[in-house]
Number of protein chains: 2
Amino acid sequence: MPRSPDRPKRRPPRHDSAQLRSNCPINFVAETFGDKWTLLVIRDLMFKGKRHFGEFRASEEAIASNILADRLQRLEACGVVEKRPDPAHRSKLIYELTQKGRDLMPVMLEITAWSAKHDARTNTPKPFLTAIKRDREGLMKGLLAALDAGQKVGP
Amino acid sequence: MPRSPDRPKRRPPRHDSAQLRSNCPINFVAETFGDKWTLLVIRDLMFKGKRHFGEFRASEEAIASNILADRLQRLEACGVVEKRPDPAHRSKLIYELTQKGRDLMPVMLEITAWSAKHDARTNTPKPFLTAIKRDREGLMKGLLAALDAGQKVGP
DNA sequence: ACGGACTGGTTGCAAACTGCAACCGCCGGG
DNA sequence: CCCGGCGGTTGCAGTTTGCAACCAGTCCGT
């Protein structure tokens with residue numbers, strides 16, 4: 001229990017997401033992707049060929065629509081994702097990774113390899129894992145090409 | 001507002017951290033490291049040569065001691081960190097990365113490279129970045145050796 | 001032996017964030 | 001004209017986070 005009944009001033013809350021706690025690179029991604037959902041959105045964009053709000057919402061992990069809307073907006077604000085109208089359906093929007101987002105590919109592959117090694121429940125196909133070990137560069141090129149073509153390719 | 005004043009049963013909360021939302025490798029690390037602090041603890045262990053509770057607490061980002069205690073306990077529970085008494089000081093404890101924790105090195109290096117490329121404020125030394133690009137394997141070997149020696153080496 | 005400082009935490013409270021489910025305006029198709 | 005899909009928003013409850021005070025055990029100097 002705080003000792004004094006008249007508690008002194010407390011620091012105002014930090015809604016200021018532009019103010020980082022430090023200039024450490026690890027801290028930067030902890031602040032950008034450090035929550036339970038953001039990485040899953042990136043995964044859906046990068047490996048599952050998803051582009052529309054409803055597709056993300058339909059993910060196995062069942063993200064709530066308000067959380068999804070918030071994460072997409074944040075990712076857009078920090079330049080990892082871009083939103084544009086779908087030319088085929090005027091009522092739809094298309095979400096896509098920017099180059100900054102695509103540059104996360106190596107991180108995502110290392111994450112996949114680590115989980116596959118250390119989590120027995122992880123269900124990544126064997127050929128994908130051997131490709132990460134044996135031919136990282138070639139695999140990445142193929143994945144990025146598939147990304148441009150809008151196909152589902154990932155683990 | 002919910003329409004019916006008698007709201008139906010809601011699903012009980014999930015304190016059950018052993019139950020994953022899916023078997024996706026990305027989801028696994030999102031659930032394990034998906035918060036604003038865990039990665040910073042890993043960083044301190046991996047690159048800054050920190051070993052004691054007080055050293056982590058003294059990090060630039062100013063983690064609260066209850067959050068730190070919780071994160072260390074979680075990391076220990078999932079086998080990324082190990083705790084043992086410090087032979088030199090009976091009142092101290094030493095926290096160390098297990099092999100599972102050390103295997104995160106490639107992920108951390110890719111994260112560092114990505115931040116350095118896309119965040120202007122990131123202050124990683126140039127030589128470290130070129131080493132990541134030019135000689136990943138050699139750099140990793142050196143870093144792991146330094147880890148065993150308990151030195152500070154990182155970005 | 002004693003006091004003070006350091007160790008690794010725990011506790012109480014308030015503020016913030018997350019999750020759920022209901023709801024809503026817009027568009028397109030039949 | 002209605003009906004469903006689309007991309008959200010809103011209200012509430014439950015959970016997590018942050019802060020600061022506090023604490024027991026150990027170490028150190030005197």
Side-chain angles (χ1 to χ4, degrees), chain A residues 1-17 19 21 30-31 34-38 40-41 44 50-59 61-76 81 83-95, chain B residues 1-17 19 21 30-31 33-38 40-41 44 50-59 61-76 81 83-96:
Chain A
M1 189 204 300
R3 285 299 156 270
S4 46
D6 50 276
R7 303 187 63 184
K9 74 290 175 190
R10 45 170 60 241
R11 189 193 300 176
R14 306 187 359 141
H15 1 63
D16 185 0
S17 66
Q19 172 95 3
R21 296 174 295 190
E31 299 208 17
D35 78 277
K36 302 251 178 286
W37 296 107
T38 304
L40 298 181
V41 175
D44 285 352
K50 302 193 181 181
R51 295 291 178 272
H52 299 120
F53 193 94
E55 293 179 299
F56 302 119
R57 196 162 51 156
S59 285
E61 292 88 3
I63 187 171
S65 64
N66 55 344
I67 305 286
L68 175 56
D70 176 77
R71 294 306 182 274
L72 285 170
Q73 205 171 315
R74 275 175 206 252
L75 287 173
E76 206 188 345
V81 160
K83 175 169 68 173
R84 61 183 169 87
D86 185 334
H89 308 269
R90 243 180 314 175
S91 70
K92 283 191 178 185
L93 294 172
I94 290 182
Y95 293 91
Chain B
M1 188 207 301
R3 285 298 155 271
S4 45
D6 51 275
R7 304 188 62 185
K9 74 289 177 189
R10 43 169 59 239
R11 189 193 301 175
R14 304 185 3 140
H15 343 68
D16 184 0
S17 67
Q19 172 95 2
R21 295 175 298 190
E31 301 208 17
F33 304 101
D35 79 277
K36 301 251 178 285
W37 296 108
T38 304
L40 297 181
V41 175
D44 285 352
K50 302 193 179 180
R51 296 290 177 275
H52 299 121
F53 191 94
E55 294 179 298
F56 302 119
R57 197 164 51 157
S59 286
E61 293 88 1
I63 188 170
S65 64
N66 55 345
I67 306 286
L68 175 57
D70 176 79
R71 294 307 182 273
L72 284 170
Q73 205 171 315
R74 277 175 205 252
L75 286 173
E76 205 188 345
V81 160
K83 175 169 66 172
R84 62 184 170 86
D86 185 334
H89 307 269
R90 242 178 316 172
S91 71
K92 284 191 179 188
L93 294 172
I94 290 183
Y95 293 91
E96 275 177 324

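Chain naming here is simple, since letters A, B, ... match the order of the sequence lines and numbering starts at 1 in each. Values reported hereafter were calculated over all heavy atoms of this structure, with side chains retained and with hydrogens, waters and symmetry mates removed.
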Separation of [X] atom [atom1] from [N] atom [atom2], in whole Å?
X	N	atom1	atom2	result
A:R21	D:dG18	CZ	C1'	12 Å
A:D70	C:dG19	CG	P	11 Å
B:R71	D:dG18	CZ	C1'	11 Å
A:L72	D:dC6	CG	P	15 Å
A:I63	C:dA21	CD1	P	15 Å
B:D86	D:dG25	CG	C1'	15 Å
A:R84	D:dG7	CZ	C1'	17 Å
A:Q73	D:dG7	CD	P	15 Å

Return the [atom1] to [atom2] distance between [X] and [Y], rounded to the nearest 0.5 Å.
X	Y	atom1	atom2	answer
A:T38	A:I63	OG1	CD1	8.0 Å
B:L75	B:F33	CG	CZ	6.5 Å
A:L72	A:I67	CG	CD1	11.5 Å
B:R84	B:R51	CZ	CZ	9.0 Å

>> If you count every heavy atom of other residues, nucleotides or ligands that lies below 6.0 Å from A:E55 atom CD, does the total exceed 12?
In response: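 Atom CD in A:E55 is packed in, count exceeds 12.
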
Collect all protein-nucleotide pairs involving nucleotides 5-7 of chain C in which both atoms are nitrogen or oxygen and the distance is under 3.5 Å.
none

> Nearest to the side chain of A:N66 - D:dT10, D:dC27, C:dT18?
Replying inline: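 Of all the options, the side chain of A:N66 is nearest to D:dT10.
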
> Considering only C:dT10, C:dA21, C:dT18, which nucleotide approaches the side chain of A:S65 most closely?
Replying inline: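 Per side-chain heavy atoms of A:S65, the pick is C:dA21.
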
> Under 4.0 Å between a side-chain N or O of B:R90 and OP1 or OP2 of D:dG25?
Replying inline: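 Negative; the distance criterion is not met.
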
> If you pin B:W37 and B:H89 to their nearest nucleotides in DNA chain D, which one's is more 5'?
Replying inline: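 Of the two residues, B:W37 wins.
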
> Does B:S59 have any side chain to side chain donor-acceptor pair (under 3.5 Å) partners at least two apart in sequence or in another chain, and if so, which?
Replying inline: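 B:S59 satisfies side chain to side chain donor-acceptor pair (under 3.5 Å) with B:D44, B:K50 only.
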
> In chain order, what residues pass the side-chain contact (heavy atoms from CB on, under 4.5 Å) check against A:H89, with sequence neighbours excluded?
Replying inline: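 Partners of A:H89 by the side-chain contact (heavy atoms from CB on, under 4.5 Å) criterion, ordered by chain and then number, come out as A:D86, A:K92.
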
